[in-house]
Visitor: 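Mind looking over this structure? Questions follow.
This structure is a prediction, so every number in the text was calculated from the model and none was measured. Chain naming here is simple, since letters A, B, ... match the order of the sequence lines and numbering starts at 1 in each.
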Protein chains: 2
Amino acid sequence: MIVSTRGRYALRVMMDLAEHPEGFIPLKDIAARQGISQKYMEGIMTILSKNGYVEGIHGKGGGYRLNRPTKEYRIGDILRLTEGSLAPVSCLECGTEPCERAADCRTLPMWSELHTIINDYFDGVTLADLMTPAKK
Amino acid sequence: MIVSTRGRYALRVMMDLAEHPEGFIPLKDIAARQGISQKYMEGIMTILSKNGYVEGIHGKGGGYRLNRPTKEYRIGDILRLTEGSLAPVSCLECGTEPCERAADCRTLPMWSELHTIINDYFDGVTLADLMTPAKK
DNA sequence: CAATTACCTACTAAACGAGTAGGCAGAAAG
DNA sequence: CTTTCTGCCTACTCGTTTAGTAGGTAATTG
């Protein structure tokens with residue numbers, strides 16, 4: 001499994017925000033609508049906020065808001081941020097020191113190619129794409 | 001991460017078997033060559049053996065042997081068997097009851113399509129492909 | 001001021017990953 | 001027939017990750 005609840009919840013919240021563009025939406029409302037733990041979401045929202053994917057303001061009347069048009073959010077960026085990595089094997093996770101037998105590893109090219117495929121796939125989908133009802 | 005050590009070790013052992021086609025190779029030798037825990041591998045080998053991917057015989061002079069030419073082993077089959085699933089999200093893992101909001105889930109088609117891409121990718125690679133030195 | 005909200009730190013329960021340990025069972029060699 | 005080598009089986013362990021809870025602090029509005 002590549003994508004855990006962190007990434008899936010992040011997408012759902014951002015889709016919810018996209019559907020409610022009127023001002024700032026408190027997380028409480030989103031969590032209630034989506035049936036997601038508010039407390040758990042807070043941590044994920046903080047990451048999204050710190051990295052400039054959403055804007056959050058404190059206090060009464062506060063909440064979260066999208067920053068840009070939905071077309072400018074790449075799913076790949078959101079998932080890499082919330083999941084840490086989309087690598088198919090741990091050897092390819094950034095931050096990991098390269099495997100000692102990487103030089104003559106016969107399987108590494110296969111993992112690398114799939115890694116590229118996965119990243120490209122998610123980078124080719126935007127939040128706007130998710131908003132339109134499924135055509136397939 | 002989709003592929004853990006289980007799947008990676010399985011591939012390495014099968015590549016090792018492919019390189020040593022003379023009779024039955026004891027797991028002890030393979031584990032030593034590959035620098036892998038023999039005890040840990042035993043569990044993985046039993047799965048491969050039970051499902052007809054390798055043949056194992058007991059006793060002195062025993063060990064494991066490949067069953068077919070390397071070209072007839074699809075990496076996808078080996079990984080699905082040892083990893084249980086190659087699904088990008090838990091919702092798609094077989095055995096899991098379908099998510100209650102699957103019918104109107106806006107992200108499900110995306111996960112499904114990637115799932116197909118991943119399966120097709122690994123099904124397009126055979127053990128024979130891995131044996132040839134990297135060209136890329 | 002009180003209420004509401006984002007944000008921060010710490011804790012927890014369960015599952016999973018990657019092994020270990022200690023056997024039993026089958027087959028060959030002596 | 002016994003020893004030795006092997007696959008196979010069950011159970012246990014230890015660390016990490018996942019998916020949360022709990023309880024605060026800080027900012028903003030009415």
Side-chain angles (χ1 to χ4, degrees), chain A residues 1-10 12-13 17 23-32 34-65 67 79 82-85 87-91 93 95-96 99, chain B residues 1-10 12-13 17 23-32 34-67 79 82-85 87 89-91 93 95-96 99:
Chain A
M1 195 180 49
I2 316 177
V3 181
S4 66
T5 52
R6 295 182 62 82
R8 297 205 311 274
Y9 286 0
R12 284 170 63 187
V13 167
L17 285 176
F24 291 86
I25 313 293
L27 187 52
K28 197 198 341 176
D29 297 1
I30 305 178
Q34 299 289 330
I36 290 175
S37 155
Q38 177 185 346
K39 277 293 190 181
Y40 183 44
M41 273 311 303
E42 286 182 357
I44 303 172
M45 292 314 290
T46 303
I47 295 177
L48 289 172
S49 175
K50 279 195 165 176
N51 288 82
Y53 287 77
V54 299
E55 190 180 350
I57 63 169
H58 288 230
K60 216 168 194 172
Y64 290 102
R65 181 174 70 177
N67 244 343
L79 292 182
T82 52
E83 294 289 333
S85 163
V89 290
S90 61
C91 340
E93 270 155 23
T96 320
C99 168
Chain B
M1 195 180 49
I2 317 177
V3 181
S4 65
T5 52
R6 295 181 63 81
R8 299 206 310 275
Y9 286 0
R12 283 171 63 186
V13 167
L17 285 176
F24 289 86
I25 313 293
L27 187 52
K28 199 199 337 180
D29 297 1
I30 305 178
Q34 298 290 329
I36 290 176
S37 155
Q38 178 184 346
K39 275 293 188 182
Y40 184 45
M41 274 310 303
E42 286 181 359
I44 303 172
M45 293 312 292
T46 303
I47 295 178
L48 289 172
S49 175
K50 279 196 165 177
N51 288 82
Y53 287 77
V54 299
E55 190 179 352
I57 63 170
H58 288 229
K60 218 167 193 171
Y64 291 102
R65 181 173 71 176
L66 290 187
N67 244 344
L79 292 181
T82 52
E83 294 289 332
S85 164
V89 289
S90 60
C91 340
E93 272 155 21
T96 319
C99 167

Visitor: With rounding to the nearest 0.5 angstrom, report the CG to CD1 distance, B/L17 to B/I30.
Guide: 4.0 Å
Visitor: Using nucleotides 9-14 of chain D, report all nitrogen or oxygen pairs with the protein that are shorter than 3.5 Å.
Guide:
unit_1	atom_1	unit_2	atom_2	d
D/dC9	N4	B/E42	OE1	3.3

Visitor: So which pairs with a foot in residues 51-61 of chain B pass salt bridge (Lys or Arg N to Asp or Glu O under 4.0 Å), sequence neighbours left out?
Guide: B/E55-B/R65
Visitor: Respond yes when some side-chain nitrogen or oxygen of B/S37 is under 4.0 Å from OP1 or OP2 of C/dT20, and no when none is.
Guide: yes
Visitor: Could you tell me which non-hydrogen atom of B/V13 sits nearest to which non-hydrogen atom of B/M45, and how far apart they are?
Guide: CG1-SD, 3.6 Å
Visitor: CG/A/L48 to CE/A/M41 distance, rounded to the nearest 0.5 angstrom?
Guide: 7.0 Å
Visitor: Calculate, to the nearest 0.5 Å, the distance between atoms OH and CD1 belonging to B/Y9 and B/I36 respectively.
Guide: 5.5 Å
Visitor: Could you pull out the protein-nucleic contacts involving nucleotides 26-30 of chain C (nitrogen or oxygen on both sides, under 3.5 Å)?
Guide:
unit_1	atom_1	unit_2	atom_2	d
C/dG26	O4'	B/H58	ND1	3.3
C/dG26	N2	B/G59	N	2.9

Visitor: Just to verify, what does A/S4 make a side-chain hydrogen bond (donor to acceptor under 3.5 Å, both in side chains) with, not counting sequence neighbours?
Guide: A/E83
Visitor: Roughly, in whole Å, what's the span from CD1 in B/I44 to P in D/dG7?
Guide: 14 Å
Visitor: Give the rounded distance in Å between these two atoms: CZ of B/R6 and P of C/dA18.
Guide: 9 Å
Visitor: Whether A/S49 contacts C/dA6 is assessed here as follows: a side-chain N or O lying under 4.0 Å from the phosphate OP1 or OP2. Is that the case?
Guide: no
Visitor: In this structure, how many angstroms lie between the C1' atom of C/dA6 and the CD1 atom of A/I25, rounded?
Guide: 15 Å
Visitor: Taking atom P of C/dA18 as reference, at what distance in whole Å does atom CD of B/Q34 sit?
Guide: 17 Å
Visitor: Round to the nearest Å and state the distance from A/M1 atom CE to C/dG17 atom C1'.
Guide: 13 Å
Visitor: Can you check the A/Y40 OH to C/dC8 P distance for me, whole Å?
Guide: 17 Å
Visitor: Please report the distance, rounded to the nearest Å, between CE in B/M41 and C1' in D/dT6.
Guide: 15 Å
Visitor: If you compare every side-chain N and O of A/Y9 against the phosphate oxygens of D/dG20 (OP1, OP2), does one of them come in below 4.0 Å?
Guide: yes
Visitor: For A/E55 and C/dC7, what is the distance between atoms CD and C1' respectively, to the nearest whole Å?
Guide: 15 Å
Visitor: Can you run down the side chain to side chain donor-acceptor pair (under 3.5 Å) pairs that involve residues 34-54 of chain A, sequence neighbours left out, and say none if there aren't any?
Guide: A/T5-A/Y40, A/R12-A/Q34, A/D16-A/Q34
Visitor: Would you tell me if any nitrogen or oxygen in the side chain of A/K28 comes within less than 4.0 Å of OP1 or OP2 on C/dT4?
Guide: no
Visitor: Given that A/T5 and B/G62 both sit by DNA chain D, which one's nearest nucleotide is further toward the 5' end?
Guide: B/G62
Visitor: Heavy atoms under 4.0 Å, any strand shown: does B/F24 hit a base, just sugar-phosphate, or nothing?
Guide: nothing
Visitor: Could you state the interatomic distance from OG1 (A/T82) to CD1 (A/I47), rounded to the nearest 0.5 Å?
Guide: 7.5 Å
Visitor: Return the minimal non-hydrogen interatomic distance between A/N67 and A/G52, and the atom names on each side.
Guide: ND2-O, 2.7 Å
